[in-house]
2 protein chains.
Amino acid sequence: MKYSNQTRFLVAVDCIVFGFDGTEYKLLLIQRGFAPEKEKWSLMGGFVQPEESLDEAASRILKQLTGLQDIYLEEMKSFSKPNRDPIERVIAVTYVALIDIKKYQQQINDDFHARWFPMKELPKLIFDHQEMVEIALDKLRYKAAFQPILFELLPEKFTLPQLQTMYEGLYNTKFDKRNFTRKLLSTNLLKKEKDKDKLSSKKGAFYYSLDVKQYKETVLTIQKIIPLHEITAARE
Amino acid sequence: MKYSNQTRFLVAVDCIVFGFDGTEYKLLLIQRGFAPEKEKWSLMGGFVQPEESLDEAASRILKQLTGLQDIYLEEMKSFSKPNRDPIERVIAVTYVALIDIKKYQQQINDDFHARWFPMKELPKLIFDHQEMVEIALDKLRYKAAFQPILFELLPEKFTLPQLQTMYEGLYNTKFDKRNFTRKLLSTNLLKKEKDKDKLSSKKGAFYYSLDVKQYKETVLTIQKIIPLHEITAARE
DNA sequence: ATTATTAGTGTAAAAAATACAATTAATTTT
DNA sequence: AAAATTAATTGTATTTTTTACACTAATAAT
């Protein structure tokens, strides 16, 4: 027994993978391996398979691309204009992933020709992928203003100046460092380590790490991390 | 030219339609007209058609159900477990709509047997529709804490006590009325009318209306309407 | 030893949020 | 007509949060 007389569609998942290298935000792109638009830069995506949910499809695709599992991954929005793919109608559901660039290993499988691009130097992307990235970035700004999700971008140990650079980069602004660190420390998510990062200054900056227990308790809690007027454009 | 060897799927849109009658929140449900689960209560949904986007499909479905156009409607989340529909795999994308109950006309087409149910007296719903509603409600709580979207639920003219009841109902709490009205008036979204609603009290409460110009400028702006500790669960 | 560079820190003022209760307007009852 | 009832309306003082602002500390390079 089936639903008869209804059209069936190709459904794809496209992953918008953001990274942060301590200085700037980057986006992970691949060179598309098949026509149309072969060799053009593209988000990592793939067709949904018969026995997997969309979440599972997104995890599978991300694992293929990065070799990583258990990374931050969240459904964002569907893209479904009938002619968005010139070959055939494809309904795309996008997912946003946040990963620590340093954890990323160019995988077993280098078939994808994946590359990190600084957000300010993105190449032309296929189809509506540019729009997907823009919306994803806006939503990330919105979300990160209330929930401490940007920690997903950081390595185990990071410094307060790195943390601040990360937030300043997302909102394209400068924060006063006394007020910023006071705010972030007041979340109780940070544990001060004993050693310092000496790479970026003579004095060296103490490392901090995420208090994972606190984080798990708090990540779903709403906090005002960033002044609301910094959030400008699209949002959920 | 087509993408060969890929499985195609039925894609449906399901609409979670919230209303508020001045006292309590309600959900618009229909009795499903075909098997399986014929006659059971269900969200209003339908299959995506070949030449429409998902947004267009949602608008079409909502128009069929309510007779209304140009109502608040936003994509929420996909639901895609392979066996969520016992007949055949269907990937559902949900939309949330907010409508003024008083504008709703039981349509030309009464075929759907649509009915408003108080949120606290929902019947058993088919498939995963109950989960959809729960998630939608959580996301509405989140969103309404920052953007003045609940006005979509109100008629042209409403009173401050009604407004407060609406917010208190969503967050299942009580607000101090001096503080609450001060907060809402400070948004500059409200215009005081000359007449009063005499239905719910002897003294009568002045009507207010939405300043539509201000609203259009402000609706995408983030404001802290509700204390953050009132927001508990799911969010975008 | 001096210089250069970035990390780290405290306080006062302003703004926002909260706690709190008496008065007013109109209808209903006596 | 007076009294009682009911819900709407209104202000202030206190606490909390946010903002503005500048000097000292540590180390490497010269």
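In this text, all values refer to a predicted model and were calculated from it rather than measured experimentally. Naming convention: chains lettered A, B, ... in sequence-line order (proteins, then strands); numbering from 1 in each chain.
The CG atom of B:L185 sits 14 Å away from the C1' atom of D:dG11 (whole-angstrom rounding). Atom CG in B:D195 sits about 16 Å away from atom P in D:dA8, given to the nearest Å. Straight-line distance from the CD atom of A:Q223 to the C1' atom of D:dT17: 14 Å, rounded to whole Å. Rounded to a whole Å, the CZ atom of A:F180 is 13 Å from the P atom of C:dA7. The distance from atom CG of A:L190 to atom P of C:dG8 is 12 Å, rounded to the nearest whole Å. Atom-to-atom, CG of A:L228 to C1' of C:dA15 comes out at 14 Å; the value is rounded to the nearest Å. In this structure, the NE2 atom of A:H229 is 10 Å from the C1' atom of D:dT19, given to the nearest Å. Between the CG atom of B:L184 and the C1' atom of D:dT10 there is a distance of 16 Å, rounded to whole Å.
Taking the side chain of A:N179 as heavy atoms from C-beta on, and the options D:dT27, D:dT19, C:dT9, the nearest nucleotide is D:dT19. Residue B:P161 places its side chain closer to D:dT9 than to any other of D:dT9, C:dA19, C:dA7.
Within a heavy-atom distance below 4.0 Å of DNA chain D, the residues of residues 197-206 of chain B found are B:S200, B:S201, B:K202, B:K203, B:G204, B:A205, B:F206. Proximity of residues 162-178 of chain B to DNA chain D (heavy atom under 4.0 angstrom from any strand atom) is restricted to B:K177, B:R178.
Geometric assessment of A:R115 against the ring of A:F117 yields a positive cation-pi assignment under the 6.0 Å and 45° thresholds. A cation-pi arrangement, defined by a distance under 6.0 Å to the six-membered ring centre and an angle within 45 degrees of its axis, is present between A:K77 and A:F79.
Annotation: salt bridge (Lys or Arg N to Asp or Glu O under 4.0 Å) contacts involving residues 160-175 of chain B, sequence neighbours excluded, comprise B:E168-B:K174.
Phosphate contact (OP1/OP2 of D:dT18, side-chain N/O of A:K183, threshold under 4.0 Å): present.
On a pure distance criterion of 3.5 Å, no polar donor-acceptor pair joins the side chain of A:R182 and the base of C:dG8.
Comment: A:K157 engages A:D195 in a salt bridge, judged by a side-chain N to carboxylate O separation of less than 4.0 angstrom. B:R178 and B:D176 are joined by a salt bridge, as a carboxylate oxygen and a charged side-chain nitrogen come within less than 4.0 angstrom of each other. Using a cutoff of 4.0 Å between basic side-chain nitrogens and carboxylate oxygens, A:R141 and A:E230 are not scored as salt-bridged. A salt bridge is absent between B:D128 and B:K81: the closest approach of a Lys/Arg side-chain nitrogen to an acidic carboxylate oxygen does not fall below 4.0 angstrom.
Although no hydrogens or angles enter the test, the distance criterion places a donor-acceptor pair under 3.5 Å between the side chain of A:K196 and the main chain of A:K203.
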I would like to know whether A:E156 and A:S209 meet side chain to side chain donor-acceptor pair (under 3.5 Å); could you show each step before the answer?
CA-CA 6 Å; A:E156 285 278 314; A:S209 64; over 6 Å; no
